[in-house]
A.B. asks: 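Handing you a structure now.
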Amino acid sequence: MSFPLLTATAVLPAVGAVATAAVPAARRTAAKWLALLVSLATLVLAIVVMVRFDPGGARYQLTESHAWIADFGVRYELGVDGIAVVLIALTALLMPFIILAGWNDADPLETGSKRWRPTQGFFALILAVEAMVIISFEATDVFLFYIFFEAMLIPMYFLIGGFGDRAHAQGEEAASTQRSYAAVKFLLYNLVGGLIMLAAVIGLYTVAGNFSLAEIAQARANGTLHMATGTERWLFLGFFFAFAVKAPLWPLHTWLPNAMQESTAPVAVLITAVVDKVGTFAMLRFCLQLFPEASKWATPTILVLALISIIYGALLAVGQRDIKRLVAYASISHFGFIILGIFAMTSQGQSGATLYMVNHGISTAALMLVAGFLISRRGSRLIADYGGVQKVAPVLAGTFLIGGLATLSLPGLAPFVSEFLVLVGTFTRYPAIGIIATFGIVLAALYTLVLYQRTMTGPVKPAVATMPDLKARELLVVAPLIVLLIFLGVYPKPVTDIVNPAVKQTMSDVHKTDPKPAVEAAK
């Protein structure tokens, strides 16, 4: 039997989480280094997965299949297509930077504090989330996917509620209350979505008799499995609702600003750059493949919701006074673009949406982690408390600017390519929606440049006059992300070559082809 590479990629961080949690309390530094080494080893395995994946080969590769709960048709089935491969690589890539950025975030509070911050638990929870996200990208059994889709809520709940941002003006007790509120809101929203999805998973089993994604899709393709129109639509809605909460799509988005505001910067990156991608990925893998006709039926409504997310998120970002909430609303707008690309039902749109998932993860990580370094120096998340930072910390300001320019999709930086593909793919089939969506770009330029102007330029405020510039560890976190933003902005081909064959297969699932351009014949 060949080496179970996909299992190893998911199990390694899970074992690392247990080992990190077991490190004695007095060995905090050892726990940090162990977590970092495990994340780097997982990155190596993810690179091996990418190298061994053949974009021109079978749809699902490196497959593993073992009996699990045979009486109910549940199997331990793993496999990756091009979309899953790049998202596994993104997850594994970001984890070392998240761990390095949060190196001191869970150290014990000052002497006399009533709250103890277990450092080992913080890093163990991060590795546990990584393991669950990776296996969610790998699972080709619907029930197996559902288990880890829901299970990742548990470590995320404790990361949000137990390890919040120390930059809180209202004191430790008020901060703890707000963190608890944000964590419970995150959990309740996602649990409701998961329970609705569970009903749909059970309904799918009663119709199909098993949970294998490949078998169900094949049975639908060859005509041996028929779903009544109403049944397919209800099942689709059950799946889509859960994924829309996770994504997050308007109006199911309201948990995200609270969760990101109250989390440490690395955990905020974990939420929006890693965990939320499971929702948009699942729309491609499960909604479109299992319920193609219902997906087409729901497309007009979903496109309108995505468009609202783009404009609404951007407008609210413009008016934010809190740096983290601004990035959260910007992410809601960006996820609107991703969902718009998925349901535009064009190859350009879906390729752009997948590329956007990767690029958004990198750009948001760069911006939010630099913002976290800024906030930790000043002790405040409020934009009004800053000014003139570029004069005292030019490297910090410069990296913050590049992260912001990537967020507004400046040409030459990675998000531009993906946003351009999404808009082109949408415009070819839905020109009115494509035109309106472009206003999201204008608003992105507004909230990003205003944020930079208010925090980094102008007179130096007394509270930031002695602010230190980025240190070696912080530069080690930010510099590779900036290099990637520039590289993928100039040369996205390594990612698109992997993604495009998978997108063509998804387009085939929903029986869609790209519209032919209306061009007058040359006279």
Side-chain angles (χ1 to χ4, degrees), residues 87 90-91 93-95 97-99 101-102 105-106 122-123 125-134 136-137 148-165 178-191 193-194 242-249 252-282 309 313 317 320 322-336 338 357-358 360-372 375 381 403 407 481:
L87 292 177
L90 171 70
T91 302
L93 172 70
L94 291 180
M95 285 300 165
F97 300 123
I98 288 172
I99 290 171
D105 285 355
F122 178 75
F123 292 101
L125 289 169
I126 289 175
L127 290 176
V129 172
E130 179 181 20
M132 294 176 186
V133 169
I134 288 176
S136 296
F137 290 141
F148 290 99
F149 179 82
E150 287 292 276
M152 70 180 70
L153 301 180
I154 300 171
M156 285 306 309
Y157 169 80
F158 288 109
L159 283 170
I160 297 169
F163 300 92
D165 193 349
Q178 292 193 25
R179 280 193 295 273
S180 298
Y181 171 78
V184 170
K185 189 174 183 179
F186 161 82
L187 188 64
L188 288 178
Y189 267 70
N190 284 274
L191 277 179
F243 303 152
V245 172
K246 185 86 78 179
L249 178 67
L252 306 172
H253 67 284
T254 59
W255 62 268
L256 182 65
N258 295 97
M260 289 186 66
Q261 175 182 321
E262 298 303 327
S263 300
T264 64
V267 172
V269 171
L270 189 63
I271 295 169
T272 189
V274 177
V275 172
D276 288 354
K277 298 298 188 301
V278 178
T280 47
F281 163 79
S309 288
Q320 291 304 307
D322 184 298
I323 296 174
K324 287 186 176 180
R325 287 184 73 87
L326 186 151
V327 178
Y329 280 110
S331 290
I332 291 169
S333 181
H334 295 151
F335 274 102
I338 294 171
M357 292 185 221
V358 176
H360 171 264
I362 299 170
S363 63
T364 299
L367 180 62
M368 179 58 83
L369 292 179
V370 177
I375 292 168
R381 300 190 302 253
T407 298
L481 296 174

A.B. asks: Atom CD1 in I271, atom CE in M156: separation rounded to 0.5 Å?
C.D. replies: 4.0 Å
A.B. asks: Quick one: are N258 and Y181 in side-chain contact, heavy atoms under 4.5 Å?
C.D. replies: yes
A.B. asks: Determine whether Y189 and T254 satisfy the following criterion, side chain to side chain contact (heavy atoms under 4.5 Å, CB included), listing intermediate values before the conclusion.
C.D. replies: CA-CA 9 Å; Y189 267 70; T254 59; 2.6 Å; yes
A.B. asks: Output, in order, the C-alpha distance, side-chain angles, deciding distance and verdict of side chain to side chain contact (heavy atoms under 4.5 Å, CB included) for L256 and D276.
C.D. replies: CA-CA 10 Å; L256 182 65; D276 288 354; 3.7 Å; yes
A.B. asks: Which residue, I362, L367, V370, forms the side chain to side chain contact (heavy atoms under 4.5 Å, CB included) with L481?
C.D. replies: I362
A.B. asks: Counting N and O atoms only, with roles assigned by atom type, does the side chain of K277 sit under 3.5 Å from a partner on the main chain of T91, one being a donor and the other an acceptor?
C.D. replies: no
A.B. asks: Mind checking the CG-CD spacing from L94 to E130? Nearest 0.5 Å is all I need.
C.D. replies: 9.5 Å
A.B. asks: Can you confirm whether V245 sits close enough to W255 that some side-chain heavy atom of one is under 4.5 Å from a side-chain heavy atom of the other?
C.D. replies: yes
A.B. asks: Once you round to the nearest 0.5 Å, how far does CD1 of I154 lie from CG of L159?
C.D. replies: 12.0 Å
A.B. asks: Taking all non-hydrogen atoms of both residues, which atom of A330 and which atom of A317 are closest, and how far apart?
C.D. replies: N-CB, 4.1 Å
A.B. asks: Any chance the side chains of T272 and S331 put a donor and an acceptor closer than 3.5 Å?
C.D. replies: yes
A.B. asks: Ignoring hydrogens, what is the shortest heavy-atom contact between G102 and F122? Give both atom names and the distance.
C.D. replies: O-CE2, 3.8 Å
A.B. asks: Using the test ring pair (Phe, Tyr, Trp, His ring centres under 6.0 Å), find all partners of F335 that sit at least two apart in sequence or belong to another chain.
C.D. replies: H360
A.B. asks: Does the side chain of M132 reach to within under 4.5 Å of the side chain of L153, using non-hydrogen atoms?
C.D. replies: no
A.B. asks: Just to verify, which of R179, Q320, R325 counts as forming a side chain to side chain donor-acceptor pair (under 3.5 Å) with Q261?
C.D. replies: R325
A.B. asks: Do L191 and E150 touch side chain to side chain, with heavy atoms closer than 4.5 Å?
C.D. replies: yes
A.B. asks: Please report the interatomic distance CG(L270) to CE(M152), rounded to the nearest 0.5 Å.
C.D. replies: 10.0 Å
A.B. asks: Determine, step by step, whether V274 and M95 satisfy the side chain to side chain contact (heavy atoms under 4.5 Å, CB included) criterion, reporting the C-alpha distance in whole Å, the side-chain angles of both residues, the deciding distance to 0.1 Å, and the verdict.
C.D. replies: CA-CA 9 Å; V274 177; M95 285 300 165; 4.2 Å; yes
A.B. asks: Mind checking the CG-CZ spacing from N190 to F149? Nearest 0.5 Å is all I need.
C.D. replies: 7.0 Å
A.B. asks: Compare every heavy atom of S309 with every heavy atom of L249, then report the nearest pair and how far apart it is.
C.D. replies: CD1-OG, 3.4 Å
A.B. asks: By ring pair (Phe, Tyr, Trp, His ring centres under 6.0 Å), which residues pair with F137, not counting sequence neighbours?
C.D. replies: F281
A.B. asks: So do I332 and P257 actually touch side chain to side chain, heavy atoms under 4.5 Å?
C.D. replies: yes
A.B. asks: Rounded to the nearest 0.5 Å, what separation is found between the OG atom of S136 and the CG atom of L87?
C.D. replies: 11.5 Å
A.B. asks: In the structure I gave you, are the side-chain heavy atoms of F97 and V269 within less than 4.5 Å of one another anywhere?
C.D. replies: no
A.B. asks: Which heavy atom of Y157 sits nearest to which heavy atom of F186, and what is that distance?
C.D. replies: N-CE2, 4.0 Å
A.B. asks: Where do V358 and L90 come nearest, in terms of heavy atoms and distance?
C.D. replies: O-CD1, 3.7 Å
A.B. asks: Do the side chains of H334 and T407 get nearer than 4.5 Å, heavy atoms only?
C.D. replies: yes
A.B. asks: Looking at every non-hydrogen atom in both residues, tell me the closest pair between A242 and G193 and how far apart they are.
C.D. replies: CB-O, 3.2 Å
